[in-house]
Protein chains: 2
Amino acid sequence: MKLHVSPDTFPPRGHEAKRISIVDAAAGVFCREGFAGANIDLIAAEAGVSRQTVYNHHGDKEKLFVAVVRDLTERCNTGIFATIATFPDQPKDLEADLIGFAVRLNQNCICNRDGKFLRKLIQTEGERYPELFAEWREQGPGRTWPAIAARFARLAYGGYLAIEDPDVAARQFLGLVNAELQTTFMLGGTPREDEVLQSATNGVRTFLRAFGKRRSATSVEKQAALASA
Amino acid sequence: MKLHVSPDTFPPRGHEAKRISIVDAAAGVFCREGFAGANIDLIAAEAGVSRQTVYNHHGDKEKLFVAVVRDLTERCNTGIFATIATFPDQPKDLEADLIGFAVRLNQNCICNRDGKFLRKLIQTEGERYPELFAEWREQGPGRTWPAIAARFARLAYGGYLAIEDPDVAARQFLGLVNAELQTTFMLGGTPREDEVLQSATNGVRTFLRAFGKRRSATSVEKQAALASA
DNA sequence: GACGAATTAGACAAGAGTGTCTAAATTTAT
DNA sequence: ATAAATTTAGACACTCTTGTCTAATTCGTC
């Protein structure tokens, strides 16, 4: 009968810590080298662990890969939902608030370590593991897109936007907001902070020209004028 | 003194044919398996050639890879410029013409074999060969983006669009038009024809809501009305 | 300090892949 | 038909990697 002091994990503390550092290191190596090029010895070294420990924890290379993808998907989802929670429901300044949201989404979910890694793995190994990435598609985009669309729908319902199809609007919003980062994303790079802001600003302005209730593009000035009235 | 009957290639005819079939097969294998996972024996088999012939033509695996990327970049550029030549300069029906252009760009440059392969190679190996893909960036996006932007600038100058920055507008146009294909592209898939059309239609409508000279979204009806007047 | 579990280093077999070499067969043009 | 060039099949050495095994060591806990 074993009653541990710490109730959250039954294997000893160092055990789980190693498991995480292995998955972390593996994510990095799989991304850099691809599945075929990834070397278990290198993963072990980067995790600060012996090769045998990698096998003890994860069985073999393929199981380790699956663990990496599941881990990244989960962490990215958490980040995205946390960011969606900051979506402006009752915006003071619609343009500024949407730009802020877009920048947060980029910085916290798309350009950060996890987002970059997951994207790369999907691109490089997506075709080789159809089932695994079908699972990702359900758990990831399948859950996050509707959540984002719902926020745009609410904004439309509140009279802030004139959109017909919230799903289309949500996808177009992200397409616009990332329009100037595509080449960088393609090459696996991380855009600078000012590039992200620039792309988001231009994207949101165009989005509001298309869907904003007020006709003019410079809604900021308009709203400032309204506020002072 | 050798005067050949066919003036275009000095090595015998079958020679060049084999070189091409090797590069073609290599493109497919590199894309499916990644650089590390690609197997020279397999490439030779798919090219219908012995392994030694691959080495005779291209030296080693890395040189073969470079040849593949250069080939794809060149062929894709050709396709893109050919499609840019069909850009509507004096549109009869702006919405329909832009949708047509977007669909052609997708079908002939982005979703075809070469486009799909090049994109995949850039995504998977871009970080490992910085110089090679810097070259791609110059020869590819570096030449095609300005050409597309110039077409939008002309359209604005002709009074068909109200855009401030043609470069931004060009990138946003493509972002919008491909907004609904992103997940498919990520996984290396090829969208169906109707999906391409749908995404293009939605994208162009939003684009014209933002940048069209006439306020309403249904510019088709408006123009019909004008024509009948 | 002592116990048990986890980790480590290192050796190991088995397999796969690259790039070279050679001698035979085939193609191409004269 | 013949000569030159190219292609082919197969063997080869070499390297690298995976996954297993074992014996020694370290770690966490009582």
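Lettering of chains follows the sequences in order, A, B, ..., and the numbering in each one begins at 1.
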How many Å lie between [atom1] on [X] and [atom2] on [N], as a whole number?
X: A/L64; N: D/dG19; atom1: CG; atom2: C1'; result: 13 Å
X: A/E62; N: D/dT18; atom1: CD; atom2: C1'; result: 13 Å
X: B/I43; N: C/dG19; atom1: CD1; atom2: P; result: 11 Å
X: A/H58; N: C/dA6; atom1: NE2; atom2: P; result: 15 Å
X: A/K18; N: D/dG28; atom1: NZ; atom2: P; result: 9 Å
X: B/N39; N: C/dG17; atom1: CG; atom2: P; result: 5 Å
X: B/Y55; N: D/dG10; atom1: OH; atom2: P; result: 17 Å
X: A/K61; N: D/dG19; atom1: NZ; atom2: C1'; result: 12 Å

Taking for each residue the nucleotide of DNA chain C with the nearest heavy atom, is it B/D41 or A/V49 whose nucleotide lies nearer the 5' end?
A/V49
With a 4.0 Å cutoff (strictly under), does any side-chain N or O of [X] reach OP1 or OP2 of [N]?
X: A/T53; N: C/dA6; answer: no
X: A/H57; N: C/dA6; answer: no
X: B/N56; N: D/dT6; answer: no

Is it true that [X] and [Y] make a salt bridge, defined as a side-chain N closer than 4.0 Å to a carboxylate O?
X: A/E125; Y: A/K120; value: no
X: B/D165; Y: A/R205; value: no
X: B/R19; Y: B/D71; value: yes
X: A/D97; Y: A/K92; value: no

Of all the choices, C/dT18, C/dT20, C/dG10, which nucleotide is nearest to the side chain of A/Q52 once you look at every atom?
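Side chain of A/Q52 sits closest to C/dG10.
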Could you check which of C/dG19, D/dT18, D/dA9 has an atom nearest any side-chain atom of B/D60?
C/dG19
Identify each atom pair where a protein N or O and an N or O of nucleotides 11-15 of chain D are less than 3.5 Å apart, giving names and distance.
unit_1	atom_1	unit_2	atom_2	d
D/dA11	N6	B/R51	NH2	3.0

Do you see a donor-acceptor pair shorter than 3.5 Å between the side chains of [X] and [Y]?
X: B/T53; Y: B/S50; answer: yes
X: A/Q52; Y: A/N56; answer: yes
X: B/T73; Y: B/Q139; answer: no

Between A/G59 and A/G37, who's closer to the 5' end of DNA chain D by nearest nucleotide?
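Looking at DNA chain D, the more 5' nearest nucleotide goes with A/G37.
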